[in-house]
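All values derive from a computational prediction rather than experimental measurement. Side-chain atoms are counted along with the backbone in the values below, which use heavy atoms only and exclude waters and symmetry mates.
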Number of protein chains: 2
Amino acid sequence: MSDWTRDFAILDALDEASRAQLLTHSHAMQAPAGTVLFREGSPCQAYLFLQEGQIRVQKVGENGREITLYRVENGQTCIVTTACLMSGNDYDAEGVAETAIQAQALPIPAFRQLLASSAAFRDFVFRAYGSRIADLLLLIEEVSFGRIDQRLATCLLQRARGQNVLSTTHQELAAELGSAREVISRQLKEFERRGWIRLGRGQLQLLDSDALQQLAGK
Amino acid sequence: MSDWTRDFAILDALDEASRAQLLTHSHAMQAPAGTVLFREGSPCQAYLFLQEGQIRVQKVGENGREITLYRVENGQTCIVTTACLMSGNDYDAEGVAETAIQAQALPIPAFRQLLASSAAFRDFVFRAYGSRIADLLLLIEEVSFGRIDQRLATCLLQRARGQNVLSTTHQELAAELGSAREVISRQLKEFERRGWIRLGRGQLQLLDSDALQQLAGK
DNA sequence: CCGAGGTCAGTGACTAGGTCACACAGCGGC
DNA sequence: GCCGCTGTGTGACCTAGTCACTGACCTCGG
């Protein structure tokens with residue numbers, strides 16, 4: 001068994017006994033892209049350390065509209081899972097693997113035990129948890145008070161990550177922002193009219209990132 | 001010093017040593033109604049057990065619009081505070097005493113120490129924390145996908161708590177829901193037109209709670 | 001190669017909700 | 001009574017979401 005804990009920078013401070021516990025009690029798991037890892041109402045069984053891939057956590061409304069709450073990436077853990085573990089409630093959001101994923105799962109009893117025995121582990125868990133709450137509050141602020149064009153611009157820049165072509169559908173962007181496909185289509189059309197982007201089926205090219213940046217940062 | 005820990009049902013399971021620690025390290029504090037307990041950017045210094053009164057935690061947008069995130073009531077603790085304590089970040093929301101409050105404050109070092117030494121204390125903290133996350137997710141869902149008339153109806157019933165007259169302004173209701181005063185005024189007018197409520201300056205009377213209930217529960 | 005069916009995007013008409021500007025009513029203090 | 005403050009009402013306008021429908025492109029099977 002390789003010592004995957006070394007890949008989690010924040011576990012550096014972990015004492016050797018706790019590290020050993022973590023290694024013996026956790027088990028590797030993987031899932032292909034598209035797997036629904038949990039949905040609303042599922043019970044929560046293990047604490048997850050994500051080693052490879054990306055998980056999108058979202059809320060789905062009755063009318064079918066979706067909104068992405070946050071993403072879990074390499075070396076992170078899932079806050080909703082943590083919340084469920086700690087409160088003992090079922091999941092109240094949905095988690096989907098966006099790419100193939102590779103993770104380590106730590107079952108509840110071992111999780112509780114480690115939480116009790118290791119200050120460093122507690123610190124890791126809490127720090128991750130606390131900073132995600134901040135993200136959720138920010139999301140509430142944006143959804144409540146933000147403009148959709150601004151949020152869309154931000155979203156495009158985030159997804160592009162320096163690249164200037166990104167492959168995605170209007171529907172996906174809408175689900176990301178909790179908006180409707182038509183609204184996104186119209187906004188993108190407007191961006192194109194202004195010469196900021198070029199639209200294509202299933203993809204879109206950034207022509208003027210600076211303009212987007214300026215809109216996003218307003 | 002009276003043993004206020006007895007007032008917190010969930011602290012029942014606390015062992016005597018931890019209880020004694022809690023008592024010696026915490027100090028009483030109070031504040032009159034309207035006090036701003038913390039705002040965005042304030043550092044967080046203590047874990048709070050609210051003994052008396054009510055705290056509203058809200059986000060304030062740039063344009064001055066507000067939205068209530070949740071309330072802390074008798075015998076509860078403040079999740080954002082917990083999050084800040086655990087992650088070490090500053091507050092990213094604002095807390096206002098809605099009534100005069102009486103609380104016990106537990107400074108960070110003692111908080112961390114108790115978290116380390118007492119499983120029961122950990123359980124208390126986590127359980128409170130986890131269930132509040134669920135509230136936040138629900139709020140995101142409502143703000144993103146919910147209808148304002150429905151949310152307003154729910155809000156009226158909650159505030160009324162069985163009474164049929166409640167004293168509040170349209171502005172306050174708007175701040176509660178993260179909406180605009182005019183929107184709330186118009187909705188209330190519509191409710192009145194339907195004979196569900198009667199409007200008065202600074203107050204409002206519920207005439208047909210059942211109708212509101214039905215709208216709220218749809 | 002062609003057509004069927006699926007996915008993706010575009011569009012007009014309409015509704016819900018938020019913004020702005022302003023009028024006016026109730027109410028307390030002088 | 002008059003002033004000034006707070007709370008409410010309202011019309012015009014704008015942004016965002018909904019609904020219904022069209023057409024473009026893509027793949028796959030015949």
Side-chain angles (χ1 to χ4, degrees), chain A residues 34 59-67 139-156 159 165-194 197-205 215 218, chain B residues 34 59-67 139-156 159 165-194 197-205 215 218:
Chain A
K59 264 280 189 192
V60 183
E62 306 172 8
N63 47 8
R65 256 167 72 199
E66 305 175 3
I67 182 168
L139 180 61
I140 292 179
E141 181 165 9
E142 280 182 355
V143 169
S144 302
F145 309 134
R147 295 180 50 88
I148 196 72
D149 52 357
Q150 205 171 323
R151 295 178 57 215
L152 178 56
T154 308
C155 178
L156 291 181
R159 291 211 162 199
V165 174
L166 71 170
S167 294
T168 183
T169 65
H170 300 184
Q171 180 58 61
E172 264 180 36
L173 293 168
E176 184 81 28
L177 300 175
S179 176
R181 199 256 317 158
E182 298 91 318
V183 173
I184 300 303
S185 284
R186 282 192 260 261
Q187 291 291 340
L188 289 175
K189 211 68 193 153
E190 175 63 16
F191 287 179
E192 187 178 43
R193 197 192 59 74
R194 295 189 198 167
I197 62 175
R198 175 177 303 163
L199 294 175
R201 184 186 170 88
Q203 71 169 34
L204 131 191
Q205 188 182 353
L215 174 59
K218 248 193 327 208
Chain B
K59 263 280 189 194
V60 183
E62 305 172 11
N63 47 7
R65 257 168 70 200
E66 305 174 2
I67 182 167
L139 180 60
I140 291 179
E141 183 166 9
E142 280 183 356
V143 169
S144 303
F145 309 135
R147 294 180 52 87
I148 196 72
D149 51 357
Q150 204 170 323
R151 294 178 58 214
L152 178 56
T154 308
C155 178
L156 292 180
R159 291 211 161 199
V165 174
L166 69 171
S167 294
T168 183
T169 65
H170 300 182
Q171 179 60 59
E172 265 180 36
L173 293 169
E176 184 80 29
L177 300 175
S179 176
R181 201 257 315 159
E182 299 92 319
V183 174
I184 300 302
S185 286
R186 282 192 258 262
Q187 291 291 341
L188 289 174
K189 212 66 194 152
E190 173 64 17
F191 287 179
E192 188 177 44
R193 198 192 59 74
R194 296 188 197 169
I197 62 175
R198 176 178 303 163
L199 294 175
R201 184 185 168 88
Q203 70 169 34
L204 132 191
Q205 188 183 352
L215 174 59
K218 244 192 332 206

Measure from [atom1] on [X] to [atom2] on [N] and round the result to the nearest Å.
X	N	atom1	atom2	result
B:Arg201	C:dA25	CZ	P	12 Å
B:Glu182	C:dG17	CD	C1'	11 Å
B:Ile67	C:dG18	CD1	C1'	14 Å
A:Glu66	D:dG17	CD	P	15 Å
B:Leu199	D:dT10	CG	C1'	15 Å
B:Arg198	D:dT8	CZ	P	16 Å
A:Glu62	D:dT18	CD	P	12 Å
B:Ile184	D:dG9	CD1	C1'	15 Å

- [ ] Start with the C-alpha distance between A:Ile197 and A:Gln205, add both sets of side-chain angles, then the distance that settles side chain to side chain contact (heavy atoms under 4.5 Å, CB included), and finish with yes or no.
- [x] CA-CA 5 Å; A:Ile197 62 175; A:Gln205 188 182 353; over 6 Å; no
Open item on the list: Under 4.0 Å, heavy atoms only, any strand: does B:Glu192 hit a base, just the sugar-phosphate, or nothing?
Closed with: nothing
Open item on the list: Regarding A:Gly61, tell me which of base, sugar-phosphate or nothing describes its non-hydrogen contacts under 4.0 Å with the strands shown.
Closed with: nothing
Counting only side-chain heavy atoms from C-beta out, which of [options] sits nearest to [X]?
X	options	result
A:Ser179	D:dA16, D:dG17, D:dA12	D:dG17
A:Ser185	D:dA16, D:dG9, C:dG10	C:dG10
B:Arg65	C:dT19, D:dT18, C:dA9	C:dT19
A:Ala180	D:dG7, D:dT18, C:dT19	D:dT18

Task: Any donor-acceptor N/O pair under 3.5 Å between C:dT11 base and A:Arg186 side chain - done: no
Open item on the list: Please determine whether any donor N or O and acceptor N or O are separated by less than 3.5 Å between the side chain of B:Arg181 and the base of D:dG9.
Closed with: yes
Open item on the list: Heavy-atom count check: over 12 atoms from other residues, nucleotides or ligands less than 6.0 Å from A:Arg194 CZ?
Closed with: yes
Open item on the list: Quick one, A:Arg186 with A:Glu182, criterion side chain to side chain contact (heavy atoms under 4.5 Å, CB included). Give me CA distance, side-chain angles, the key distance, then yes/no.
Closed with: CA-CA 6 Å; A:Arg186 282 192 260 261; A:Glu182 298 91 318; 3.9 Å; yes
Task: B:Arg65 side chain to A:Ser144 backbone, donor-acceptor under 3.5 Å - done: yes
Task: A:Ser179 (side chain) donor-acceptor with A:Ala175 (main chain) under 3.5 angstrom - done: no
Is the distance from OP1 or OP2 of [N] to the nearest side-chain N or O of [X] less than 4.0 Å?
X	N	answer
B:His170	D:dG7	no
A:Lys189	C:dG10	yes
B:Gln187	C:dG17	yes

Task: Nearest-nucleotide comparison on DNA chain C, the residue closer to the 5′ end among A:Phe145 and A:Gln171 - done: A:Gln171
